[in-house]
**Q** 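Here it is: the structure, laid out below.
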2 protein chains.
Amino acid sequence: MMPMSTSRPYHHGDLRSALLTAAERTLRDKGAAALSLRELARDIGVSHAAPGRHFKDKQALLDALALDGYDRLMQTLATADDPTLPLQPRLTGLTRAYLRFATDNAALLELMYSLKHDPDASEQMAAAAERTVQSLAAIVAEAQQRGEIIEGDPAMLTLTVGAALHGIATFAANGHADAQAAVDGVDTLVHLLLHGLLPR
Amino acid sequence: MMPMSTSRPYHHGDLRSALLTAAERTLRDKGAAALSLRELARDIGVSHAAPGRHFKDKQALLDALALDGYDRLMQTLATADDPTLPLQPRLTGLTRAYLRFATDNAALLELMYSLKHDPDASEQMAAAAERTVQSLAAIVAEAQQRGEIIEGDPAMLTLTVGAALHGIATFAANGHADAQAAVDGVDTLVHLLLHGLLPR
DNA sequence: ACCTGAACACCGTTCAAGT
DNA sequence: ACCTGAACACCGTTCAAGT
């Protein structure tokens, strides 16, 4: 039990992170469009102008949320990756992790991939996305070196795998595919990616 | 030259479609978040309450835009589809068409795939998406019957192909992949999907 | 440094009233 | 049937002033 100070000082202590926490909650519960700085301020118990000290405008708060999302996604993927595995189970594991993140954070993912960001934040997000792509590219390159997969432009192989993973994750996140069906289908999807659709 | 009535009547004639046209324009130029019913009304020259006659709220207008987007996407794909082609060029053509639509209508696509819609509109959109999936499923089933691709759960093959197409389209739309690079990569992507990544 | 409170210029939505 | 004009309850953002 933390003692609550009965005299409420006019400042908050760590308003910035309190705003981000509260914002992510409403993002999750009601979506980005329903997010109001004034409402956040009310919930936290601070004046409506206070958020302006920490985020130059509403978009800056959304950008910060999205950037945090990229960090968490990358950490999720890094944790899920097992470099000792052969390619197929390794990709399956990564895909499952991405799928789980997507369904658990659907609104956040939508925000992360949305078009409207400050140029500065856009740059940071492009860099974060690029880092994720690079780790996938590294996996592809490794597999090529081991002779597990075909030669050819590694960027194209990475793009293909990345597109398939991204596609199924967004299908699952927005309900275009049933989430459980998508999870169950990961094995088959990765198998098809590796083996192709043509008869042998 | 249409004669302009100098006495401006208090009604508009076809306000509903005028609103949709203007809304799509701002969606394209400034994004969904910047869309204001009052501003639309001003631009069209009608009172700020007039839109309420045609759309019960702002979300209803966004839903109508998204639904129209699904219609146009399906029409684009139907036009681009050439059933006389073998599977590989057929899929390549469809993917190109989807890519073009995605880059030409990035904000609209984002709106179409966004999570926040009225339940009623969501149902219609799910149905529209389902129809698109079904036409892809039909192509897959045909190819299976002709022995062009492997047997196995057609739904999984469709999901895999659909995920890859959707993934590359969204990459292109939001700039995660350079649009031109994505278009150039379509041949390779479809080839990889069909042939797989494993060495033969 | 950090926050308040008032002010400004906007919103979306509703509703009686007009034509 | 379709629109207006006023009204209501909100917004985001700015800025002098407070501590």
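Below, chains carry the letters A, B, ... as their sequence lines are ordered, and counting in each starts from 1.
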**Q** Roughly, in whole Å, what's the span from CG in B/L40 to P in D/dC3?
**A**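 About 15 Å, once rounded to whole Å.
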
**Q** Please list all pairs meeting ring pair (Phe, Tyr, Trp, His ring centres under 6.0 Å) that have one or both residues in residues 108-151 of chain B, counting only residues at least two apart or in different chains.
**A**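 Those involving residues 108-151 of chain B are A/H176-B/Y113, B/Y113-B/H166.
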
**Q** Expressed as a whole number of angstroms, how long is the span from A/E39:CD to D/dC11:P?
**A**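 Taking CD of A/E39 and P of D/dC11, I get 6 Å after rounding.
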
**Q** Please list every donor-acceptor pair under 3.5 Å in which a side-chain atom of residues 32-42 of chain B meets a protein atom from a residue at least two apart or in another chain.
**A**
unit_1, atom_1, unit_2, atom_2, d
B/S36, OG, B/R38, N, 3.3
B/S36, OG, B/E39, N, 3.0

**Q** Mapping A/A49 and A/R42 onto DNA chain D by nearest heavy atom, which one lands closer to the 5' end?
**A**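 Of the two residues, A/R42 wins.
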
**Q** In whole angstroms, how far is the C1' atom of C/dT14 from the CZ atom of B/R38?
**A**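 Whole-Å distance recorded here is 11 Å.
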
**Q** Taking OP1 and OP2 of C/dG12, is either one under 4.0 Å from a side-chain nitrogen or oxygen of B/S36?
**A**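 So the side chain of B/S36 is within the cut-off, an N or O lying under 4.0 Å from OP1 or OP2 of C/dG12.
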
**Q** For A/M125 and A/M112, which heavy atoms make the closest approach, and how far apart are they?
**A**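 Shortest heavy-atom contact: SD-O, 4.1 Å.
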
**Q** Enumerate the residues from residues 50-64 of chain A whose closest heavy atom to DNA chain D is under 4.0 Å, giving them by residue number; use none for an empty result.
**A**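 DNA chain D contact set from residues 50-64 of chain A: A/D57, A/K58.
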
**Q** For A/I44 and C/dC3, what is the distance between atoms CD1 and P respectively, to the nearest whole Å?
**A**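 Checked: the CD1 to P distance equals 10 Å.
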
**Q** If a pair satisfies ring pair (Phe, Tyr, Trp, His ring centres under 6.0 Å) and one of its residues is in residues 34-80 of chain A, list it, with sequence neighbours excluded.
**A**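 As it turns out, there is no ring pair (Phe, Tyr, Trp, His ring centres under 6.0 Å) pair with a partner in residues 34-80 of chain A once direct neighbours are skipped.
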
**Q** Would you mind listing every ring pair (Phe, Tyr, Trp, His ring centres under 6.0 Å) that reaches into residues 142-161 of chain B, with sequence neighbours excluded?
**A**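 Non-adjacent pairs meeting ring pair (Phe, Tyr, Trp, His ring centres under 6.0 Å): zero.
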
**Q** For B/H48 and C/dT14, what is the distance between atoms NE2 and P respectively, to the nearest whole Å?
**A**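 Those two atoms, NE2 and P, are 12 Å apart.
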
**Q** Whole angstroms only, please: what is the CZ-P distance between A/R16 and C/dC3?
**A**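 Going from A/R16 (CZ) to C/dC3 (P), I get 13 Å.
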
**Q** Dot-bracket for DNA chain D, 5' to 3', counting Watson-Crick or G-U wobble pairs under 3.5 Å, with [ ] for crossing pairs and | for inter-strand pairs?
**A** ||.|||||...|||||.||

**Q** Of all the nucleotides listed (D/dG12, D/dT13, C/dT13), which has the minimum atom distance to the side chain of B/L37?
**A**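 Ranking D/dG12, D/dT13, C/dT13 by closest atom to the B/L37 side chain puts C/dT13 first.
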
**Q** Do any pairs count as a salt bridge (Lys or Arg N to Asp or Glu O under 4.0 Å) and have a residue in residues 46-67 of chain A, sequence neighbours left out, and if so which ones?
**A**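 Sorted result for residues 46-67 of chain A: A/K56-A/D118.
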
**Q** Counting only heavy atoms not in B/R72, do more than 12 fall under 6.0 Å of its CZ?
**A**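 It does: B/R72 CZ has more than 12 such atoms within range.
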
**Q** Sequence neighbours left out, what passes salt bridge (Lys or Arg N to Asp or Glu O under 4.0 Å) with A/E142? Give chain and number order.
**A**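 By the salt bridge (Lys or Arg N to Asp or Glu O under 4.0 Å) rule, A/E142 matches A/R90, A/R146.
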
**Q** Scan B/S47 against the nucleic acid and name what it touches under 4.0 Å (heavy atoms): base, sugar-phosphate only, or nothing.
**A**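 Here B/S47 touches the bases of the nucleic acid.
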
**Q** Let me check something: any side-chain donor-acceptor pairs from residues 181-188 of chain A under 3.5 Å, sequence neighbours excluded? List them with distances.
**A**
unit_1, atom_1, unit_2, atom_2, d
A/D184, OD1, A/Q180, NE2, 3.0
A/D187, OD2, A/R96, NH2, 2.9

